[in-house]
Structure formats: C-alpha cells, structure tokens
**Student:** 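This is the structure I have questions about; it appears just below.
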There are 2 protein chains.
Amino acid sequence: MPRPTKIAPERGDARARLLEAATDLIRIHGFSATTVDDICRRAQTTKGAFFHHFATKDAIGVAAADNWQRTTTAFFEAASYHDPADPLDRVLGYVEFRRSIIAGAIPEFTCLVGTMVGEVHHDRPEIRDACAASIFGHAATLEADIAAAMTARGVDGGWSAAGLARHIQGVIQGAFVLAKAADDPDMARESLDHLDRYLVLLLRPAAGSAA
Amino acid sequence: MPRPTKIAPERGDARARLLEAATDLIRIHGFSATTVDDICRRAQTTKGAFFHHFATKDAIGVAAADNWQRTTTAFFEAASYHDPADPLDRVLGYVEFRRSIIAGAIPEFTCLVGTMVGEVHHDRPEIRDACAASIFGHAATLEADIAAAMTARGVDGGWSAAGLARHIQGVIQGAFVLAKAADDPDMARESLDHLDRYLVLLLRPAAGSAA
DNA sequence: ATCTATACCGACCAGATGGTATGCGCGCAA
DNA sequence: TTGCGCGCATACCATCTGGTCGGTATAGAT
C-alpha cells in the first residue's frame, strides 16, 4: 500500500490531504484515539477546512473507508497475480502477493478498515458498514477464481467460493492482529503460509493426475 | 464466556467490579472510547475508588488483560475437549468448542485482548504486551496436542506446532473481525469451519490406514 | 467590475476527560 | 479507646474534545 510523498499544501487539495492524514493516523492510533486536531495538523490545514469538507468526525471515518476501498481496488487490480492461466495459481498468487506486501512498520501494512471496524462496530454503524463494504467487496474479487479452481478440482464439501473468499480475508485480518500483538510482521507471514497450505490441500488436483 | 449476575456493591468488591465493568465496556466500545467515568458508573463506584485501585486508565487496561488471561485459562481448562484419547480429536474438539461459544450479541463472544491490541498496539506497549501474553499463552495450551497429532501422522512440512497454534488463534481473531464487520456471528462460524477443514486435511491420517 | 459559490481560516465554546486533593467511616491492633 | 491504615466518596481542576461561527481569499460567470 504505497503512499505518495508529502506535497506542499495547494488550494483544492485539503480534502485529499485530510483523508490521507486520517488514514495514516487511524492505522497508527485507531479511530477513537485520533482527534480532529491531529488530523488537521498532519494534513497542514485547519479545523475550518476539516468541517467544511466533513460534517462530523464520523463522516471522515466513512469517507476514509470508502477511499480505502477505491484505492485498494485499484492497487489489487493492477497486481500481476491475475496473469496465470490456472485459476488456482491466481488464488495462490493473491495470497503470495498479500504476503509480499507485509513489510516495514506495522501501521504501514495493516488494514485501515479492519482496524476501524474492530473498534467502532457497535457504536458507529455507518463506519462499520463502509468497512464491511470494503472487506467483503474485496473478498468478492476472489470468488470467480476460487469457483473456477473448485470446478477444475471437482470439489464439493458443502462450502461456497464466496465463503472461502471471506475466510481468506478473515485469516488476513487475524494475521494482522497477531502481528500487532507480537509487534512482529513475521507472525502475519506465518499465518499466510498456513493459508496457502490450506488452499493447496483444498484445491490442488490430486498428484499424478496431470503428469 | 459466561459472566456472573450483577450483585449489589459490597465493601472490598470495587476492584473486581471495576475490572468486570471495564472488560464489558471495552468489548463493546473499545479501549479509547471507554471513559473512566463510564467504567465507574457501570461498576457502581466513584472515581475515588477507581484511582485508588488503578494508577491510570492504562493500568486498568493491563489489569483487564491479565484478568482475561486468568479467567479464560480456567474456562478452557475446565472444558471437555481435553477428554478424547486421540490428540487430533482434542485439537478438533477445541475448534468445535470455540465455535460452540459463538452465541448471543457480538460483544459477548468476541475477545477482549484481540479487540484491545488492535487499537492500542502502537501507543500503549504495556497493554499490548499483556494482550500478547494472553493470546500467545492461550495458543501455547494447544501445542502439545498439535505436536502429538503431527507425530501420529508423521507430518513435517517445515512448520511447527507452536506456529500452527498461533495460526489457529489468528483465524479465530480474524473470524471476530468478520463477524463485527458483517454484524453477524455466522461469519465467524464459517471461518471456524474452514479452520476445522484445514486441520483435518493437515493432520488426519490418510483414509484407509486405520480401517 | 461585480456577483456568487466554494475553499479555507482561526478564534471561540460547552461539555467531556483523565487525574487530584481531601475527607470520612470501618476494621483492627495496641 | 484510641490510633491508624485501607477502601471508598465528593468536589474540584486543567486540559482536551468535537463542533460552531463570522470572516477572508480565490476562481469563474455575467
């Protein structure tokens, strides 16, 4: 999830800067612990600008989740794990890609919407729903490849491609929780390795059938 | 995670009531959004009592995590998934047990320390470490059974019993994130079903070898 | 040139927040 | 019975919080 380098404030830019600042700060401190003043300071704007663009603090939470969905959608669409001809390779490529972008400090690779929804799910339903749209919308992008891999293998274990896609997102979110707790990105990588193993066991056609 | 019914305040009880109130409120609202006054109100005490027992708000976060570890340890030790003779059955029984206690409203079955650590990992290292001790200490209780099941099956895929135990905790934490996002406990159950399937594929001796 | 809509500024506010200072009653040892 | 420490209550405080409001600057339409 690379971020553009800081640019000097320019007229018409404040909304985007506020959104970026909010995203960064919420990933570091969480939603509740991030104050409007903090966001303004980091965005190099004032409260006047903030409340011109966002009616409430909650509103920037919703907007940040929406923005997260847009940017991550573009980011994953551009990735090369879609290239392989075999649908299972595309699914495994996705997991490998997720693994490869676990790098740097923890707030740099963890998920904005996963962090937010854990905190605000009960009190701020609008933010929760925006986070859910991002998570489950992203999960849905895996469905077709999973379904194709299921067909290729001929599996039917009473579970769905959509459900497995959701589970994959769950494992990734859980991996981030472990990394935060241990303060160690390796915890997340380890979990993604197990996820990869699961998908292979579940979806790889039996050995010898292709040789 | 059953909770005792509310009792009228009694002298000498305040600390325990504060801890229980903090636990409940943090599970609902998160750590930052839970105020000291909220905790006191729910515990039917005053700020005087609060700061008599806890030096700071952070201190009750640490104490709540420690208390969580103690109570959950006792809770899981008493469960019957330890009974089967086959170690794999004990591991699968654990997952089934975790699945069975997903019931009621979301804050009633989600994990205090998982919720807290996602929020405060960066700013409150003492709370983070207390949460980590709870999560990874609990994971460690699965290690022996996993190792025994690995031996029985004779697996060696370059991963460890400890790592798989951590992954199991990760999947459970991720399942809670999904349930919060979708506002639906079924999301968590679905993920635990996949976890069960993974463990069977990974650790069940090949079919026919026992019949 | 003027009008208007939008972007933005910065002082201000009421209430909340974590934390403190002080006092008071109960149990217990001397 | 007195003295003392512990558990807890009440009143209070400095600071921070989200949010408001009047005002200014700029760009484009007429």
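Each chain gets a letter, A, B and so on, in the order the sequences are listed, and its residues count up from 1. Atom set for the values below is all heavy atoms of this structure, side chains included, hydrogens, waters and symmetry mates excluded. Fair warning: this is a prediction, and the values are worked out from it, not measured in the lab.
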**Student:** Is there any side-chain hydrogen bond (donor to acceptor under 3.5 Å, both in side chains) pair reaching into residues 51-60 of chain A, and which pairs are they, with sequence neighbours excluded?
**Tutor:** D58(A)-R124(A)

**Student:** Measure from CG on D13(A) to C1' on dA7(C) and round the result to the nearest Å.
**Tutor:** 12 Å

**Student:** Mind calculating the distance between CZ (R17(A)) and C1' (dA7(C)) to the nearest angstrom?
**Tutor:** 11 Å

**Student:** When the distance from CZ of F54(B) to P of dG7(D) is rounded to whole Å, what number comes out?
**Tutor:** 12 Å

**Student:** What contact category does T35(B) fall into here, base, sugar-phosphate, or nothing, at under 4.0 angstrom with non-hydrogen atoms?
**Tutor:** sugar-phosphate

**Student:** Applying salt bridge (Lys or Arg N to Asp or Glu O under 4.0 Å), name anything that partners E190(A), two or more places apart in sequence or on another chain.
**Tutor:** R166(B)

**Student:** Please enumerate all residues that pass salt bridge (Lys or Arg N to Asp or Glu O under 4.0 Å) together with D186(B), with sequence neighbours excluded.
**Tutor:** R189(B)

**Student:** Enumerate the protein-to-nucleotides 19-25 of chain D contacts in which both atoms are nitrogen or oxygen and the separation is below 3.5 Å.
**Tutor:**
{"residue": "dG19(D)", "atom": "OP2", "partner": "K57(A)", "partner atom": "N", "Å": "2.7"}
{"residue": "dG19(D)", "atom": "O6", "partner": "K47(A)", "partner atom": "NZ", "Å": "3.0"}

**Student:** Considering only dT10(D), dC6(D), dC8(C), which nucleotide approaches the side chain of H52(B) most closely?
**Tutor:** dC6(D)

**Student:** Please identify each residue that fulfils ring-ring contact (aromatic ring centres under 6.0 Å, His included) with H121(A), with sequence neighbours left out.
**Tutor:** none

**Student:** Using whole Å, what does the distance between atom P of nucleotide dT6(C) and atom CZ of R15(A) come to?
**Tutor:** 15 Å

**Student:** What class does the angle between the rings of F76(A) and F97(A) fall in, given that below 30° is parallel, 30 to 60° is tilted and above 60° is perpendicular?
**Tutor:** perpendicular

**Student:** Can you figure out which of dA7(C), dG7(D), dA9(D) approaches the side chain of H53(B) most closely?
**Tutor:** dG7(D)

**Student:** For T34(A), which contact category applies under a 4.0 Å heavy-atom criterion: base, sugar-phosphate, or nothing?
**Tutor:** sugar-phosphate

**Student:** Check side chain to side chain donor-acceptor pair (under 3.5 Å) between D193(B) and all other residues, then give those that pass, not counting sequence neighbours.
**Tutor:** R99(B)

